[in-house]
Amino acid sequence: QVLVVESGGGLVQPGGSLRLSCESSGPTFSSYTMAWYRQAPGKERELVAEITGGGVTNYAHSVKGRFTVSRDNAKKSLYLQMNSLKLEDTGVYYCVVPFFSYWGRGTQVTVSS
């Protein structure tokens with residue numbers, strides 16, 4: 001059974017930083033795009049950032065310049081460095097392997113003063 005497990009969420013003040021991690025079990029996803037999605041309270045899930053197997057990245061307009069997605073294929077891991085966090089970044093963040101529709105259970109990020 002393939003699992004993707006997120007960690008690193010928490011409570012942070014506006015302007016602060018967090019680093020999310022995602023570890024995957026099972027076969028390597030090094031050739032596949034991996035992504036971070038989030039779901040804010042009362043809203044639909046949205047793509048935050050994605051990275052191809054070759055390292056090409058894509059970001060939602062709302063996080064561009066503040067968030068950085070990266071991966072370590074040897075560790076089968078995905079990361080999201082989040083800086084200059086805003087109140088509207090609050091939500092549950094999910095690690096996703098879109099090609100296989102693998103979703104983690106999510107990690108809560110709360111930005112609050």
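Side chains included, hydrogens not; waters and symmetry mates left out as well; all remaining heavy atoms used.
For the atom pair CD of Q13 and OG of S112, the computed distance is 8.5 Å after rounding to the nearest 0.5 Å. Atom-to-atom distance recorded for Q108:CD and Q39:CD is 10.5 Å, nearest 0.5 angstrom. Taking CG from D72 and OG from S30, the interatomic distance works out to 11.0 Å, rounded to the nearest 0.5 Å. To the nearest 0.5 Å, the span separating CZ on R19 from OG1 on T68 amounts to 10.5 Å. To the nearest 0.5 angstrom, S21 atom OG is 9.5 Å from K75 atom NZ.
Counting only heavy atoms from C-beta outward, the side chains of I51 and V56 never approach each other to under 4.5 Å. With a 4.5 Å cut-off on side-chain heavy atoms, V92 and V109 do not count as touching. At least one side-chain heavy atom of M82 sits less than 4.5 Å from a side-chain heavy atom of Y93. Side-chain contact between T107 and V5 is absent, with no heavy atoms from C-beta onward closer than 4.5 Å. The closest side-chain heavy-atom distance from K86 to R66 is below 4.5 Å. Taking the side chain as every heavy atom from C-beta outward, V48 and Y59 never approach each other to under 4.5 Å. Annotation: side chain of F99 is not in contact with side chain of T33 (no heavy-atom distance under 4.5 Å).
Cluster annotation: Y102 is connected to L80 through the hydrophobic network of ILVMFWY side chains, with a link wherever side-chain heavy atoms come within less than 4.5 Å. A single hydrophobic cluster is not seen to contain both F100 and V96; linkage of ILVMFWY side chains at heavy-atom distances under 4.5 Å, directly or through other members, places them apart.
The shortest non-hydrogen separation linking C95 to L78 is SG-CD2, 3.8 Å. Between L87 and P14, the shortest heavy-atom distance links the atoms CD2-CG, 3.8 Å. A pairwise comparison of heavy atoms in D89 and S84 identifies OD2-O, 4.4 Å as the closest pair. Between A35 and E50, the shortest heavy-atom contact is CB-CB, 3.8 Å.
A donor-acceptor contact shorter than 3.5 Å is absent between the side chain of R38 and the backbone of G91.
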(message) Determine whether L47 and N58 satisfy the following criterion, side chain to side chain contact (heavy atoms under 4.5 Å, CB included), listing intermediate values before the conclusion.
(response) CA-CA 9 Å; L47 175 68; N58 179 50; 4.0 Å; yes
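Between E23 and S25, the side chains place no donor N or O within less than 3.5 Å of an acceptor N or O (distance only, hydrogens not considered). Using a 3.5 Å distance cut-off with no hydrogens or angles, the side chains of S17 and N83 do pair a donor with an acceptor.
Relative orientation of the Y32 and F29 rings is perpendicular, given thresholds of 30° and 60° on the angle between their planes.
With respect to Y94, the ring pair (Phe, Tyr, Trp, His ring centres under 6.0 Å) criterion is satisfied by exactly one of W103, W36, Y37: W103.
Taking the centre and axis of the six-membered ring of Y79, the NZ or CZ atom of R71 falls outside the cone set by 45° and 6.0 Å.
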